[in-house]
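In what follows, residues are counted from 1 in the order of the sequence shown.
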Amino acid sequence: MPATIALRPYDVAVAIALATKPHDPYPALALRLGMSISTAHAAVKRLLLAGLLRQLPHANGRPTYAVNMRALLEFLVHGIRYAFPAPIGAHHFGAPTAHSGPALSAHFVLSEPLVWAAPHGSIAAGVGGATIAPLLPRAAELVDRDPALYAILTAVDALRVGRARERALAERFLRDHLSPTPHSAAVA
């Protein structure tokens with residue numbers, strides 16, 4: 001009997017990264033997300049099995065994939081909070097996320113921010129707040145490395161932990177920033 005293959009939290013970040021920069025080869029994708037090339041490759045394979053990516057005919061001898069944007073948005077809006085819940089943890093300094101992140105913070109008066117805990121000294125302007133585990137282990141590094149991807153992942157966190165208003169605003173943000181038309185992603 002074949003083994004069950006399940007998505008991992010960072011697979012979602014890989015799908016979003018490919019949706020935002022579809023032509024990143026594996027080395028660039030891995031560097032951007034702070035993971036190994038083999039981890040990025042394995043994530044792409046799981047995303048193909050889950051139907052969040054589709055394989056297209058090879059281009060220039062390299063495998064080419066299309067992000068299934070409708071499926072990705074459906075999974076984010078309706079499934080992410082159940083597949084990858086984010087319990088609220090202890091107070092720590094880190095990168096603001098969810099309703100505290102750059103995608104939604106203008107819409108809320110914050111009592112206590114939510115953050116991705118960052119290793120000591122890694123974020124110059126870290127914010128103190130309750131922590132949640134990010135989908136991507138080194139997500140806090142995206143603040144400087146890839147602000148657009150950082151903003152999208154914070155909106156995804158609002159879907160994971162938010163109440164109705166936060167979730168509605170996060171869904172709108174994601175629909176605006178993740179186009180429903182499929183992008184081809186050439187990773188090799």
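- Between the CD1 atom in I80 and the CG atom in L73 there is a gap of 11.5 Å [rounded to 0.5 Å].
- Taking both residues in full, the closest heavy atoms of P96 and P102 are given as O-CD, 4.5 Å, listed atom of the first, atom of the second, then distance.
- With hydrogens and angles ignored, the 3.5 Å screen pairs no side-chain donor or acceptor of T154 with any backbone N or O of A98.
- If you take CG on L18 and CG on L53, they are separated by 6.0 Å, rounding to the nearest 0.5 Å.
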Verdict with reasoning, I16 to L149, per side chain to side chain contact (heavy atoms under 4.5 Å, CB included)
CA-CA 8 Å; I16 292 168; L149 182 58; 3.5 Å; yes
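- By the rule that hydrophobic residues join a cluster once side-chain heavy atoms approach within less than 4.5 Å of another member, L153 and I88 end up as members of one cluster.
- Proximity of D11 to R8: side-chain heavy atoms (C-beta onward) are separated by under 4.5 Å at one or more points.
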Please step through side chain to side chain contact (heavy atoms under 4.5 Å, CB included) for the pair L76 and V12, ending with a clear verdict.
CA-CA 9 Å; L76 293 175; V12 177; 3.7 Å; yes
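- No side-chain heavy atom of L72 sits less than 4.5 Å from a side-chain heavy atom of L47.
- Taking the side chain as every heavy atom from C-beta outward, L114 and T131 never approach each other to under 4.5 Å.
- Between the side chains of R32 and T20, at least one donor N or O sits under 3.5 Å from an acceptor N or O.
- Contact check on D157 versus R160 returns a salt bridge, with a Lys/Arg side-chain nitrogen under 4.0 Å from an Asp/Glu carboxylate oxygen.
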Passes side chain to side chain contact (heavy atoms under 4.5 Å, CB included), T97 versus V115? Steps please.
CA-CA 5 Å; T97 190; V115 300; 5.5 Å; no
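- Counting heavy atoms from C-beta outward, L159 and L174 have side chains that approach closer than 4.5 Å.
- Taking both residues in full, the closest heavy atoms of I37 and Y26 are given as CG2-CB, 3.8 Å, listed atom of the first, atom of the second, then distance.
- Side-chain atoms of R145 come within 3.5 Å of backbone atoms of L31 as a donor-acceptor pair (strictly under, hydrogens ignored).
- By the 6.0 Å contact criterion, CZ on R172 is open, its count of non-hydrogen atoms from other residues, nucleotides or ligands being 12 or less.
- Taken from CD in Q55 to CG in L48, the straight-line distance is 6.0 Å, to the nearest 0.5 Å.
- The distance from atom OH of Y150 to atom CG of D144, rounded to the nearest 0.5 Å, is 10.0 Å.
- A salt bridge does not link R70 with E74: none of the charged nitrogens is closer than 4.0 Å to a carboxylate oxygen.
- Here F93 and W116 keep their ring centres 6.0 angstrom or further from each other.
- Side-chain atoms of L29 and K21, non-hydrogen and from C-beta on, never get closer than 4.5 Å to each other.
- Taking all atoms of both residues into account, the shortest heavy-atom contact from E166 to L104 is O-CD1, 4.0 Å.
- Rounding to the nearest 0.5 Å gives a distance of 6.5 Å between CG of L142 and CG of L33.
- A103 and A151 get closest at one heavy-atom pair: CB-O, 3.6 Å.
- Of all heavy-atom pairs spanning L56 and A66, the tightest one is CD1-CB, 3.8 Å.
- The two residues A15 and V67 come nearest to each other via the heavy atoms O-CG2, 4.1 Å.
- Put simply, the side chain of R54 does not reach to within 4.5 Å of the side chain of Y65, judged on heavy atoms.
- Separating the CZ atom in R46 from the NE2 atom in H41 is a distance of 11.0 Å, to the nearest 0.5 Å.
- Contact annotation: the side chain of H99 never approaches that of R165 to less than 4.5 Å [non-hydrogen atoms, C-beta and beyond].
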M35 vs L136, side chain to side chain contact (heavy atoms under 4.5 Å, CB included): CA-CA, chis, key distance, verdict
CA-CA 9 Å; M35 62 177 52; L136 184 66; 3.6 Å; yes
